[in-house]
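Working notes, beginning with the structure itself.
All residue numbers in this chain count up from 1 along the given sequence. Atoms within a ligand are numbered from 1 in the order they appear, just like the ligands themselves. Below, all heavy atoms of this structure are taken into account, side chains as well, without hydrogens, waters or symmetry copies.
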Amino acid sequence: MTELYELTISEAADLLRQKKISSVELTQAHLDRIRAVEPEVRAFTLVTDELALKQAEEADHRFASGERLSPLTGIPIAIKDVISTKGITTTCGSRMLENFKPAYDATVMKRLNEIGIVMVGKTNMDEFAMGSSTEHSAFFPTHNPWDLERAPGGSSGGSAAAVAAGMAMGSYGSDTGGSIRQPASLCNLVGLKPTYGRVSRFGLVAFGSSLDQIGPFARNAQDAALLLQAIAGNDPLDGTSSPNPVPDYSKALNGGIKGLKIGVPEEYWVEGTQPGVVSAVRADIERLRELGAEVSPVSLPYTKYGVAAYYIIAPAEASANLTRYDGVKYGYSYRDTSEMWDAMEKTRQFGFGPEVKRRIMLGTYALSAGYYDAYYKQAEKVRTLITHDFEQAFEQFDVLVSPASPTVAFKIGEISDPYQMYLQDVFTIPANLAGICGVSIPGGFSEGLPVGLQLLGRAFGEESILRVADAFERVTDYHTQWPKL
Ligand code: GLN
């Protein structure tokens, strides 16, 4: 018999409806799993066990009353610690917010609570979502369940590790430049970044406001569709959220990709990509061809400027967004002085870690008089060119495919140069700059470690990438593999 924590969300939802299991049992199985493996994985900044059992009981009452419920009702889910949870600490992996309890829920959280999910905990992350390894949490690094000496990727590494280790059935993260897709790739999960505007950012602690999106981690495409469905849609509290109607994502999973046009961007096969990653992804692309997709090469010539433009734009926005942490409004406050400027300076000196300070300095510099035209304006022009690249490609193709990350999971401590760390997102960043959607799915293994296959879709094309993901799962078993923990 499979363990309860090994079920997919849709399997568990069926069993809950047939009353073969209760949400309390399902939740307890996950809390037991957390007790068993969390001391080694360290995916959570906070395990909300009491709350989880209370929510599970409520879900069981709702099932008993015969109410029509969402497939996520009563399902144990983990939430990245960048998503505001009313009255529950939301640290962003930072000393600055170590004791911060938001006064309201993020819109995403509000919707999930209405559905009646079970929140098992808040997950660890690189401080303020800046990083690709979850080593740069102010508290502790998270370990990759596939090899505990390795990083799970980041910045949403806690959300990825929690699902990969069976401590939650699904989770949510945020993706500004790759923070959902890259950890999904390193942990053998489906990780989806929705189109910019598809999901409300209200209550998501801001990093790069024109790039940030919340999205799900799941063990298969079907679960990812359910998790996306629950959070997608317009929100009057977020002026950048789209009024476009939300399709039924599960309906898109019909297995058929015959005749679908898939482009393989030539610029995504760069030097520095591990040969094991290249060969796995090449084989995956052949699989898609065998399934009847029409696969051909496409050129996205401005790709090579993506990382450079991102590391101007994201820090510029971050430097503005992080001015609010001044020791007065939220979080940590340095009190051993009577001088106001001294208090603010020391608050920021002690409250922020080195990577956050680096981003604030980069961003402030790029936005300062005299440098604005040379850096920020240039980067915004590059962003427009990258967007045009995609627009042209999507005139001919439905979906583009590439590796999600240039490497498999690396050892904790292995990448010490910040620039090397930035290159982890070379394949994911362009989608954030262009605002399109993307997903990383389990695409095979290299030396026993997971390789992610990235599928990119046009704006509001989540159905296409989910359809391809699901079709691919029907002929492969990578997504069913578990780490030995
Ligand atoms: N690794 C990238 C960065 O550090 C992306 C992070 C993210 O998507 N939040 O900026």
[X], any N or O under 3.5 Å of ligand 1 N or O:
X	value
Phe207	no
Gly178	yes
Arg359	yes

Are Lys377 and Glu380 ion-paired here, with the side-chain N under 4.0 Å from a carboxylate O?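 Looking at Glu380 together with Lys377, the answer is no, because their closest N to O distance does not fall below 4.0 Å.
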
Give a yes or no on whether a salt bridge exists between Arg358 and Glu355, defined as a side-chain N under 4.0 angstrom from a carboxylate O.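 Judged by the 4.0 Å cut-off on N to carboxylate O distance, Arg358 and Glu355 do form a salt bridge.
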
Show, in sequence, the C-alpha distance, side-chain angles and deciding distance for Gln424 and Ser405, and conclude whether the side chain to side chain donor-acceptor pair (under 3.5 Å) test is met. CA-CA 6 Å; Gln424 274 291 311; Ser405 162; 3.2 Å; yes

With a cut-off of 4.0 Å, which atoms of ligand 1 are near a heavy atom of [X]?
X	result
Asp175	8 (O)
Gly131	1 (N), 3 (C), 4 (O), 6 (C)
Ser132	1 (N)
Ala129	6 (C), 7 (C), 9 (N)
Tyr311	1 (N), 2 (C), 3 (C), 4 (O), 10 (O)
Ser155	9 (N)
Met130	4 (O)

Using a cut-off of 6.0 Å, state whether more than 12 heavy atoms not belonging to [X] lie near its atom [atom1].
X	atom1	value
Glu447	CD	no
Tyr375	OH	no
Tyr330	OH	no
Glu345	CD	no

Counting distance only, does the side-chain N/O of Asn234 pair as donor-acceptor with the main-chain N or O of Ser241 below 3.5 Å?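 Yes, the answer is positive, given that a donor and an acceptor are paired below the 3.5 Å cut-off.
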
Keeping the roles fixed (side chain from Lys193, backbone from Ile436), state whether a donor-acceptor pair exists under 3.5 Å. yes

protein heavy-atom neighbour closest to atom 7 (C) of ligand 1 works out as Ser179 OG, 2.4 Å

Closest non-hydrogen protein atom to atom 2 (C) of ligand 1, residue and atom name please, with distance?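 Looking only at protein heavy atoms, the one closest to atom 2 (C) of ligand 1 is Asp425 OD2, 2.9 Å.
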
If the contact criterion is a heavy-atom separation under 4.0 Å, does [X] count as touching ligand 1?
X	answer
Ala314	no
Gln182	no
Tyr310	yes

Is any side-chain heavy atom of Leu204 closer than 4.5 Å to one of Val82? yes

